[in-house]
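Naming: A, B, ... by sequence-line order, numbering from 1 per chain.
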Protein chains: 2
Amino acid sequence: MTNDAGAQVRPRDRILGTARALFGRCGIRATGVDAIAETAGTNKMTLYRHFQSKDALIVACLEQAASDADQLWEAVEASAPGDPRAQLDAWVEMVDGLLKDSRGCEFSNAAVELPEACDIVRDTITHYKKTQRTRLAQLCRDSGIPEPERLADTLALMVEGARISRQAVGADGPADSFTSCARTAIGYFASVREPA
Amino acid sequence: MTNDAGAQVRPRDRILGTARALFGRCGIRATGVDAIAETAGTNKMTLYRHFQSKDALIVACLEQAASDADQLWEAVEASAPGDPRAQLDAWVEMVDGLLKDSRGCEFSNAAVELPEACDIVRDTITHYKKTQRTRLAQLCRDSGIPEPERLADTLALMVEGARISRQAVGADGPADSFTSCARTAIGYFASVREPA
DNA sequence: TAGCAATGGTACTGACCAGTAACACCTCTC
DNA sequence: GAGAGGTGTTACTGGTCAGTACCATTGCTA
């Protein structure tokens, strides 16, 4: 299998895309740099000309994944400008979409696969996760939820759980109920005490 | 570091305990059989006399982890015999305890680390996860929850999420809120419609 | 005490992997 | 057309890993 080999895509981008695909499908540790280079239609030397090391490649993959997540957030906000409560619903839909085609969160997977990774990798993971949590809490707050942090944490736990569960037992497991459970949680937190 | 080396513990049990500890701390793929044998105070040959392969060792670790989980469930039931609702609260406490000292669920970690593992490993993981889900749903049902499966899925997602989140961002992340969020969910599902 | 089963120790094989060196090629620009 | 930067190719190093062969040792039992 090749990834855009021969197309007008720069080797660096092919390598990055291929690495993310293989890291996701086979796991980070199980994927060798040779396999990445070959699948990307290039060779190991070119890979090392663009990325100082495999760790650097991993960080670059995570940074691109973070950028993708930013775009998803922008799409959520654009779906209902000025209506944070509708954006919260759109966020649930967005996450539900993530559950369908992905093997799981690239950051969580990296955290599990590389418990003793270098500082740069760990920092990239924690920074991303904290950003997501903050952003979700802000959306809950803007939606007028009385306890925005608690709803945000509830939803964050459910997303993480759904993405992991899907890897462990597939789509038939609890991940299947994510949308329903998340909507219930939002409805409850929104109704328990209306804001003053 | 050695694991009960020299004590009156059979090599097989030392190997198993050490393997679980190292798999948890360093990751499965990052842990070599040499390291396991040495840390267990024995050698690789003895390891291979007890376990046909590293995969077989992994399966044995997961089976022991499943056995540990059974004991935790028995403790939950014994904490409030005949009072399933109190058992549900005890279950939350039990999970909260799990969050404190573990690196995460050994089954979920294995699923993430070994996406292309052999059938035996995959089957062990899915069987365990389905058993846990069924058992939790039964406890919710016995507690008189009107929608036991949905509460069970909500709680299952939150447990999975909390254990993963703890690995990714530590105890300061959403995992910190698990107990509070889980109790809220239980309270809501129990109150929304009392059973007939 | 003889024997047997379990264990310890050493050394090895074959495979894989991250990373590097040296050189050839191609394409674009000046 | 000449140089330069990016790319392709091959071959290599040093290290790690799973798994095995072979033999020595211990400890229990008959």
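When the side-chain nitrogen and oxygen atoms of A/T42 are compared with OP1 and OP2 of D/dG8, one or more of them lie within a distance under 4.0 Å. The shortest distance between the side-chain N/O atoms of B/R14 and the OP1/OP2 oxygens of C/dG8 is below 4.0 Å. Under 4.0 angstrom from either OP1 or OP2 of D/dG8 there lies at least one side-chain N or O belonging to A/T46. Contact annotation: A/H50 side-chain N/O to D/dT7 OP1/OP2 distance is under 4.0 Å.
Spacing between atom CZ of B/R29 and atom C1' of C/dC16 amounts to 11 Å, rounded to whole angstrom units. With rounding to whole Å, B/F23 atom CZ is found 13 Å from D/dC17 atom C1'. In this structure, A/N43 places its CG atom 14 Å from P of D/dA11, rounding to the nearest Å. If you measure from atom CZ of B/R10 to atom P of C/dA5, you get 15 Å, rounded to the nearest angstrom. Rounded to whole Å, the distance from OH on A/Y48 to C1' on D/dG8 is 17 Å. As a whole-Å value, the separation of A/I36 CD1 from C/dC17 P is 11 Å. Taking atom NZ on B/K44 and atom C1' on C/dT10, their separation rounds to 11 Å, with Å as the unit. We find that CZ of B/R12 is positioned 15 Å from P of C/dG8, with the value rounded to whole Å.
Counting only N and O atoms by type, the side chains of A/N109 and A/Q167 include a donor and acceptor under 3.5 Å apart. For the residue pair A/Q64 and A/D68, no side-chain donor N or O sits within less than 3.5 Å of a side-chain acceptor on the partner.
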Please test A/T184 against B/R150 for side-chain hydrogen bond (donor to acceptor under 3.5 Å, both in side chains), starting from the C-alpha separation and ending with a verdict. CA-CA 10 Å; A/T184 300; B/R150 287 188 66 231; 2.2 Å; yes
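Where A/M45 and A/D34 meet DNA chain C, the nucleotide closest to each residue was compared, and A/D34 sits on the side nearer the 5' end.
By the 4.0 Å N-to-carboxylate-O rule, B/E116 lies too far from B/R122 to be salt-bridged with it. In this structure, A/R135 pairs ionically with A/E77, as a charged nitrogen and a carboxylate oxygen lie closer than 4.0 Å.
Of the candidates C/dA18, D/dT7, D/dT9, D/dT7 carries the atom nearest the A/P11 side chain, counting heavy atoms from C-beta on.
A donor and an acceptor atom sit less than 3.5 Å apart, one in the side chain of B/R49 and one in the base of C/dG8. No donor-acceptor contact under 3.5 Å links the side chain of B/K54 to the base of D/dG19.
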